[in-house]
Amino acid sequence: MKPFIYVDHAATTPVRPEVLEAMLPYFSAQYGNPSSTHSAGRKASVALTKARRTVAALLGAADREIIFTSGGTEGANAAIRGIALARRRQTGANRIITSAVEHHAVLHTVQDLATNYGFSATILPVDADGLVQAAEVERAIYADGDSSAPPSSGGPEPTGNPALAGNPALIGNPELAGNNVALVTVMYANNEVGTIQPVAQIGALCRRLGVPFHTDAVQAAATLPLDVDTLPVDALTISGHKIYGPKGVGILYVRSGVPFLPTQTGGAQEDNRRAGTENVPLIVGATKALELITQERDAERPRLRALRDRLIGAVLAELATARLTGSHTQRLDSLASFVINGVDAEALLIRLDLAGIGASSGSACTSGALRPSHVLEAMGIPSGRAAAQLRLSLGRSNTPEQVDYVVEQLVQGCRVAG
Amino acid sequence: MKHLKAPEETTVVIAMSGGVDSSVAAALMVERGYQCIGIMMRLWAETGAGEGSMNKCCSVESMADARQVADQLGIPFYLINVEQPFKQNVVDFFIEGYSAGLTPNPCLACNRHIRFDYLLNYARKLGADYLVTGHHARTRRLDTGEIQLLKAVDERKDQSYVLSVMGQAELRDVLFPVGDFTKPVIRQMAAQWGLPIASKHDSMDLCFIADDDYRRFLQDWASHAMQPGPIVDRAGNVLGEHAGLPSYTIGQRKGLGIGGVGVPLFVLELDSTRNTLVVGRKEELGRTQLLAHHVNWTGDAAVAAGFAAQCKIRYRAQPVDCRLYPAPPDADETTVAVHFAEPLYGISPGQGAVFYDGDVCLGGGIIAR
């Protein structure tokens, strides 16, 4: 058997041994339901509280701002639907602003709210690097805010007071331009091309204009800081399995005071915001994973970045038809993405797998359906049968030798996969 | 010479469908020690036609079955997307054929353009020495190096008819391991190996039509071809109205809705230019000749004029004695005139005319008239 080299960490990551170890007692030994009165329930409840406190501390949040979910998709759904519906009930706001390069968990949810629930959606364009411009967000917020004049070049005066700027009490203030906008949701970093969005800027802007801001941080969580004290977000979604935790669990942060209606009802769990018996073992696992990734992030980032740059440098040097997609500067340390002209992605991925390399083309796909990437499309980059989209996402297991082998096999694969 | 390479050094791509034949084909290759790669093609299907809108050759269940068989055999397995080439070369061909008054055979088109062109080239691109399929047919290497295409051991299951589109370039790179066994033996092997033994629909001729109703399909996809028109006899007498020419096939007697003529009437011709169905008596239907075009020879060369052979005019038809006259006057190189000793009933333009010399499939073409 050939050794398997995994360069698809944006799809999922292996559960770390420490995480597995932390989870194991909560399957059979400590099996209690946290809502039960008896001792088994208490033990589970204590584990859950500890997990919530740990996560809150790691994110710079308060305990009650943490909602455990079943993963990134549920987190995005709960945040977007929960905030948009609550905002509409509260103020009548019915506009949702998002970007064209969001993960489908966000994009399809926004589209569903627009198609079936009477919201109006604004899908913002991106530039050739896949970047959303904060100015576009601002323009979109003002677009329908009839009472307020469109911003001058500098926009309305910032409050200048960081404490006030960080005050979500502004949400719902009818004086503000964003009053008819239910929610802005823009991802922290893109899953296909790795472009990091200016979420700090967009978040600050939303604050100023009184609009709640959600960010899908699923891809960002492994390498970017998630401190909501400094990050001006009102809601943030994390998935367990992208940070060496288990699949089927996620963390949703919702800032206190942000309007939120639960979309899953039937129990008082998670402070009445997410009904259903808490998945204690997976929550413990996700917590451990977040703890480890946060501790190691600063040390791991330069290592990953060096590997990524080695990879990008070699691919661009060896393959004349390869082009780097996404921003060169605002890019995840772990992700390299290319479009390779004259190469069929499907055949290339098969060749790589036969050479023992697990890579991917854009996002994971279950049924073999071939669709051009909506992300590349939004960036104005043609892809498809004649131009392979290739995503190589690095992680803890990867070494420089592996990167060199991947490049070697990639070059060979491209030669015949045309 | 790759046929002399040891199995361990020979890479094969197996076209897997999740069914018993291709699963046994894969198991046989693994057992013989080949380096195996399983591939399943995702083909075009109607969207919104219910039942998950999947092509029957690659339904979600078949995919899961094939993937599980590959896993059990310890070989890699990939799903490849062939929707576009399949739509262009098989589905559009099917629609155009019916629109032109033919009775097209989509399996011939699929084997010509998809299995033994697109997929075979895909296998070569992956570095494979051979493409393996679960077809019931055999090949034999002659001393000259020529590869003959032979009927399967189990003649009732023989699929050489739809493989008649293959030439030497394809036959050299393809293996049919199940053609050496009868179906009961294949089932037995499958059971022994713990492979799925459920035989899906034995015939999936119209795999891309969700409900098997090709008339409904043509109504939806080519309504221009499904217009009612007159039914006439050879003398031009109007005898009734037809429901759209594709609903009929040559030799058909029932369902014409023109009773009381006294003699049984048969469909003689689908005249698409006049949207007219021509009917007549049985003796008008009988033909002792047909012309096949786009003829492919499986061997190195065409047979000599007057070659005594057998011909099958449909997949399920019995082979009939005939003489072959390649490139008759006023026709091109790929046309063959086929002469029969006795009249044949139901020669349908669009179907394949496939030639045999005993067990050897010589090749075939599409019936032009």
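Residue numbers start from 1 in every chain, and the chains themselves are labelled A, B, ... in the order their sequence lines are given, proteins ahead of strands.
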What are the two closest heavy atoms between B:K125 and A:D344, and how far apart are they? NZ-OD2, 4.4 Å
More than 12 heavy atoms from other groups under 6.0 Å of CZ on A:R16: yes
Full working for side chain to side chain contact (heavy atoms under 4.5 Å, CB included) between A:I350 and B:I80: CA-CA 9 Å; A:I350 294 176; B:I80 68 170; 3.7 Å; yes
Minimum heavy-atom separation for B:L126 to A:A347, with atom names? CD2-O, 4.0 Å
For residues 384-407 of chain A, pull every pair meeting ring-ring contact (aromatic ring centres under 6.0 Å, His included), keeping only residues two or more places apart or in separate chains. none
Above 12 or not: heavy atoms from other molecules or residues under 6.0 Å from CD of B:Q84? no
Taking ring pair (Phe, Tyr, Trp, His ring centres under 6.0 Å) as the test, write out the residues that go with B:H136, two or more places apart. none
